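Keep in mind that this is a model prediction, so the values were computed, not measured. As a basis for the values below, the full set of heavy atoms in this structure was taken, side chains included, without hydrogen atoms, waters or symmetry mates. Throughout, protein chains are lettered first and strands after them, A, B, ... in sequence-line order, and every chain is numbered starting at 1.
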There are 2 protein chains.
Amino acid sequence: MDKLVLFDAEKHFLEILWAAEPVKSTELARICQEKLGWKKPTTFNMIRKLADKRLLQNENATVTALISRRDLQRLESEALLQQSFQGSVPAFLAAFLEGRRLEPDELEALKRLIEEARS
Amino acid sequence: MDKLVLFDAEKHFLEILWAAEPVKSTELARICQEKLGWKKPTTFNMIRKLADKRLLQNENATVTALISRRDLQRLESEALLQQSFQGSVPAFLAAFLEGRRLEPDELEALKRLIEEARS
DNA sequence: GCAAAAGGTTTGTCTTGACAAACCCCACAT
DNA sequence: ATGTGGGGTTTGTCAAGACAAACCTTTTGC
């Protein structure tokens with residue numbers, strides 16, 4: 001896949017889809033009307049756009065995501081790391097720690113993660 | 001400061017400014033022409049736009065950044081963390097480790113960072 | 001004095017994201 | 001046959017980003 005660019009409206013839409021999938025397209029349109037104030041064509045246009053980007057599929061009027069929230073989070077994180085930190089997680093963390101103190105439980109959790117990553 | 005949104009062109013411009021500052025505005029326009037293919041007004045417009053955002057200043061035709069690369073990196077990182085991981089660094093790292101193995105020296109560097117963050 | 005350079009601003013064009021009005025087709029119920 | 005609902009598409013409008021043509025003013029050099 002090429003460089004993935006997602007805009008705010010697309011992300012909001014995906015959040016709704018993840019919470020509702022698998023979901024009938026008309027039901028999804030109703031939810032978007034309720035939560036985002038969208039009219040029906042807006043939702044169908046978004047469905048078509050994200051299907052073109054292969055992020056979801058709409059088969060037999062049932063919409064399912066082709067990418068999980070987790071995977072999207074990871075892709076976005078990697079993109080940021082690559083763009084701003086040359087892919088270096090330590091560089092990211094160092095920059096981050098400069099502006100903010102982590103809680104002890106956060107540090108413990110980080111330590112555990114690193115131990116697990118070693119094995 | 002409000003929620004900071006920077007677009008690609010702005011980021012590219014800032015990279016050039018950071019590499020050259022303090023720099024005469026006309027010299028900056030020359031560099032942008034060379035590296036980005038911009039004409040002079042484009043650069044001056046960008047200078048004015050980013051000055052409005054208080055990201056740089058142009059005094060006596062000398063341009064300097066008001067935000068360092070480091071600080072921008074941190075702001076972007078925090079925005080991503082907040083948007084996708086509810087501000088949790090461990091959650092970020094866990095998601096990240098799911099898709100990629102870190103090198104031993106990276107793990108060491110991370111461990112050191114965490115030890116230092118404890119004191 | 002005049003032209004060129006320095007240091008800009010104003011206005012315009014094109015592209016694209018965000019959103020929807022108008023419309024389409026099919027199936028089903030009455 | 002007609003109306004309604006389901007499931008969409010096409011086309012349009014508006015706003016904003018990206019970029020620059022045309023223009024402006026001041027200073028400097030000849």
Side-chain angles (χ1 to χ4, degrees), chain A residues 1-17 20-67 72 75-76 79 83, chain B residues 1-17 20-67 72 75-76 79 83:
Chain A
M1 191 188 325
D2 229 355
K3 170 159 179 167
L4 175 65
V5 176
L6 276 191
F7 301 99
D8 278 357
E10 290 167 339
K11 287 180 192 169
H12 290 146
F13 177 79
L14 276 174
E15 289 287 345
I16 287 167
L17 174 58
E21 70 166 335
V23 61
K24 301 293 288 183
S25 51
T26 39
E27 174 65 11
L28 189 54
R30 193 195 59 74
I31 299 175
C32 289
Q33 158 66 236
E34 183 192 323
K35 292 191 189 268
L36 302 175
W38 286 0
K39 297 291 167 68
K40 187 180 61 159
T42 308
T43 300
F44 277 98
N45 285 334
M46 180 64 77
I47 289 172
R48 195 160 57 252
K49 184 159 74 161
L50 294 189
D52 287 348
K53 289 189 177 181
R54 297 186 172 278
L55 295 179
L56 62 80
Q57 66 184 358
N58 181 15
E59 305 281 357
N60 304 315
T62 298
V63 187
T64 49
L66 293 179
I67 185 171
L72 183 60
L75 287 175
E76 283 184 316
Q83 183 195 351
Chain B
M1 193 187 330
D2 229 354
K3 169 159 181 168
L4 176 65
V5 176
L6 275 190
F7 301 99
D8 277 0
E10 292 169 336
K11 287 179 192 169
H12 290 148
F13 177 79
L14 277 174
E15 287 288 344
I16 287 168
L17 174 58
E21 71 166 334
V23 59
K24 302 293 290 183
S25 52
T26 38
E27 173 66 12
L28 190 53
R30 194 195 60 73
I31 300 175
C32 289
Q33 158 67 234
E34 183 193 324
K35 291 187 189 271
L36 302 174
W38 287 358
K39 298 290 168 66
K40 187 180 61 156
T42 307
T43 300
F44 277 98
N45 284 335
M46 180 63 77
I47 289 172
R48 194 160 57 250
K49 183 160 71 161
L50 293 189
D52 286 347
K53 290 187 176 183
R54 297 186 173 279
L55 295 180
L56 62 81
Q57 65 185 359
N58 182 13
E59 305 282 357
N60 304 316
T62 298
V63 187
T64 50
L66 292 179
I67 184 171
L72 183 60
L75 287 174
E76 284 184 316
Q83 181 194 355

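Among the nucleotides D:dA21, D:dG8, D:dT9, the one closest to any side-chain atom of A:P41 is D:dT9. Candidate nucleotides D:dC19, D:dG8, C:dG7 were compared by shortest atom distance to the side chain of B:A9, and D:dC19 ranks first. In the set D:dG8, C:dA18, D:dT10, D:dT10 carries the atom at the smallest distance from any side-chain atom of A:R48. Out of D:dG8, C:dA20, D:dA18, the shortest distance to the side chain of B:F7 is found at D:dA18.
Rounding to whole angstrom units, CD1 of residue A:I47 and P of C:dA18 are separated by 16 Å. Atom C1' of nucleotide D:dG17 and atom CG of B:L50 are separated by 13 Å, given to the nearest angstrom. Rounded to an integer number of Å, the gap from A:M46 CE to C:dA20 P is 11 Å. Put simply, CH2 on B:W38 is 11 Å from C1' on D:dG17, counting in whole angstrom units. A:K40 places its NZ atom 13 Å from the C1' atom of D:dT10, with the value rounded to the nearest Å. Between the P atom of D:dG5 and the CZ atom of A:F44 lies a distance of 15 Å, rounded to the nearest Å. In this structure, B:F13 atom CZ and D:dG17 atom P are separated by 16 Å, rounded to whole Å. Rounding to whole angstrom units, CG of residue A:L36 and P of C:dC19 are separated by 8 Å.
Applying the 4.0 Å criterion to OP1 and OP2 of C:dG7, one finds that B:N60 has every side-chain N and O outside that range. Proximity of A:S25 to the phosphate of D:dG8: a side-chain N or O atom is located under 4.0 Å from OP1 or OP2. A sub-4.0 Å separation between OP1 or OP2 of D:dA21 and a side-chain N or O of B:K39 is present. In terms of phosphate contacts, A:K49 brings a side-chain nitrogen or oxygen within less than 4.0 Å of OP1 or OP2 of C:dA18. Applying the 4.0 Å criterion to OP1 and OP2 of C:dA6, one finds that B:T26 has every side-chain N and O outside that range.
Here the side chain of A:K53 pairs a donor or acceptor atom with the backbone of A:V5 at under 3.5 angstrom.
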#### Entry: Residue pair A:T42, A:C32: steps toward the side chain to side chain contact (heavy atoms under 4.5 Å, CB included) verdict
CA-CA 9 Å; A:T42 308; A:C32 289; over 6 Å; no
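Taking the charged nitrogens against the carboxylate oxygens, B:E15 and B:K35 have no contact shorter than 4.0 Å, which rules out a salt bridge. Of the charged side-chain nitrogens involved, at least one lies within less than 4.0 Å of a carboxylate oxygen, so that B:R30 and B:E34 count as a salt-bridged pair.
Ranked by how close their nearest DNA chain C nucleotide is to the 5' end, B:K24 and B:N45 are led by B:K24.
Of the candidates B:L72, B:L17, B:L6, B:L6 is the only one forming a side-chain contact (heavy atoms from CB on, under 4.5 Å) with B:L55.
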